[in-house]
A.B. asks: 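Take a look at the following structure, please.
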Amino acid sequence: MRHFLTTEDWDQNALQHVLDRAKALKAGASSAALAGKSVALVFFNPSLRTRSSFDIGIAQLGGHPVVLDARAGTWPMEMTEGAVMDGDAEEHVVEAARVLSRYVDMIAIRCFPKFQDWSVEREDPLISAFARHSSVPVVNMETIVHPCQELALMMTLQERLGRVENKTFLLTWVPHPRPLNTAVANSALLIASKFGMNVRMLIPDDVYRLDDRYMTAAEQACRVHGTKFEIMTDVEAAYTGAQAVYAKSWGALPFYGQWESEGHYREKGAGFMVDDAKMALTDDAIVSHCLPMRRNVKIADSVVDSPAFLGIEEAENRLHVQKAMMEALSREQDARG
Ligand code: CP
């Protein structure tokens, strides 16, 4: 069965097909791909965009969304197979996945890492278990990657830049008062490299390198496309000539869950906010962010409120790409019978 857990499992052509359909849906095409069907949206973490865009998108496709707030409205869930469930968890993910599969036609899950043990959390245990035990397609609404955000980002880049191949994409670490999940940063590397862009990653220090899985995937994709993958600490060099700037903050993996020791390195990035002076170095670049975003910490007001900022467009495109992805998964499932 086809799931949408990570874009690593999908080739560029298949993703482009989804993007082309998303553009048609945005232009007014209608679809009843989910007529008579239900989709469970299971949230272990807060959301504004993901929750509303999935809920509305499912309704627009003729389907019925079932929103479950796993923090308050469902049983605490165990995700480890073979666990002796004598702690807080009342429900095992195995039963949750099997039961929801009897009710709904697709299951979408948001479950951020808990910042406890990256060696465990890098395996994405909850959504992986859902995918193993579900008999309907599973969609990732953000775990250790954020593939729906990737599609929205790429749709937005294509709308504004046209062909993105060989254009220069800068993923810049930006300040934030506390360490955040690496999901969107991992995803930005995956999608920009997969679609043939030159990829630069600007970080204050090597401790902000992302997990090898994503760095290696980006390196390999760039090698296949004949593009460059560069890890940079020089702000001026990184911005110079960039055509797209993507801002994101994340916690340094060597200090995972022990953030008090990260402070020194975080201070090295104190000047990394996206501002007019840095944007002036670019090749008239567009700039975006997945949102939510702290203004004047991550990106200066003057940049956010300029025509170069595409964060709102990218957020709108979440709706269209998710509809196109759900349509594709649903049709594939129907074809299987
Ligand atoms: N970008 C994004 O996923 O937004 P929410 O966290 O509000 O869903």
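Every number for a ligand or one of its atoms is a count from 1 in the order of the listing.
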A.B. asks: Would you tell me whether Thr182 and Asn186 have side-chain atoms, one donor and one acceptor, within less than 3.5 Å of each other?
C.D. replies: yes
A.B. asks: Show the atoms of ligand 1 that are less than 4.0 angstrom away from any heavy atom in Arg318.
C.D. replies: 1 (N), 2 (C), 3 (O)
A.B. asks: Are Phe309 and Met293 side-chain neighbours, meaning at least one heavy-atom pair lies under 4.5 Å?
C.D. replies: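 Yes - at least one pair of side-chain heavy atoms lies under 4.5 Å apart.
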A.B. asks: Should Pro46 be counted as touching ligand 1, given the test is an N or O pair under 3.5 Å?
C.D. replies: no
A.B. asks: If you draw the axis of the six-membered ring of Trp259, does the NZ or CZ of Arg266 fall within 45° of it and under 6.0 Å from the ring centre?
C.D. replies: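 Ring-cation test returns no.
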A.B. asks: Which heavy-atom pair separates Met154 from Ile191 by the least distance, and what is that distance?
C.D. replies: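 Taking every non-hydrogen atom into account, CE-O, 3.7 Å.
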A.B. asks: Check ligand 1 against Leu48 and write out every atom of the ligand that is under 4.0 Å from a heavy-atom position of the residue.
C.D. replies: 5 (P), 7 (O), 8 (O)
A.B. asks: Can you tell me which residue among Gln322, Arg318, Lys323 is in a side chain to side chain donor-acceptor pair (under 3.5 Å) with Ser53?
C.D. replies: Gln322
A.B. asks: Starting from atom 4 (O) of ligand 1, locate the nearest protein heavy atom and write down its residue, its atom name and how far away it is, to 0.1 Å.
C.D. replies: Arg49 NE, 2.9 Å
A.B. asks: What about Pro292: any of its N or O atoms under 3.5 Å from an N or O on ligand 1?
C.D. replies: no
A.B. asks: Output the list of atoms in ligand 1 that are nearer than 4.0 Å to some heavy atom of Cys290, sorted by atom number.
C.D. replies: 1 (N)
A.B. asks: Less than 4.5 Å apart, any side-chain heavy atom of Thr143 and any of Leu126?
C.D. replies: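 Counting from C-beta outward, Thr143 and Leu126 never come under 4.5 Å.
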A.B. asks: What is the ring orientation for Tyr208 with Trp173, classed by angle as parallel under 30°, tilted 30 to 60°, or perpendicular over 60°?
C.D. replies: tilted
A.B. asks: Give the atoms of ligand 1, by number and element, whose distance to some non-hydrogen atom of His146 is under 4.0 Å.
C.D. replies: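 So the atoms of ligand 1 that pass are 2 (C), 3 (O).
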A.B. asks: Would you say Met141 contacts ligand 1, with heavy atoms under 4.0 Å as the rule?
C.D. replies: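 Judged by the 4.0 Å heavy-atom criterion, Met141 does not count as contacting ligand 1.
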A.B. asks: I want to confirm something. Looking only at heavy atoms, which of Glu314, Gln149, Arg110 is nearest to atom 6 (O) of ligand 1?
C.D. replies: Arg110
A.B. asks: Are any of the N or O atoms of Arg51 closer than 3.5 Å to those of ligand 1?
C.D. replies: no
A.B. asks: Ignoring hydrogens and angles, state whether a donor on the side chain of Glu150 or Ser187 is under 3.5 Å from an acceptor on the partner side chain.
C.D. replies: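 Glu150 vs Ser187: donor-acceptor pair found between side chains.
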A.B. asks: Using heavy atoms and a threshold below 4.0 Å, how should the contact between Leu291 and ligand 1 be classified: side chain, backbone, both, or neither?
C.D. replies: backbone
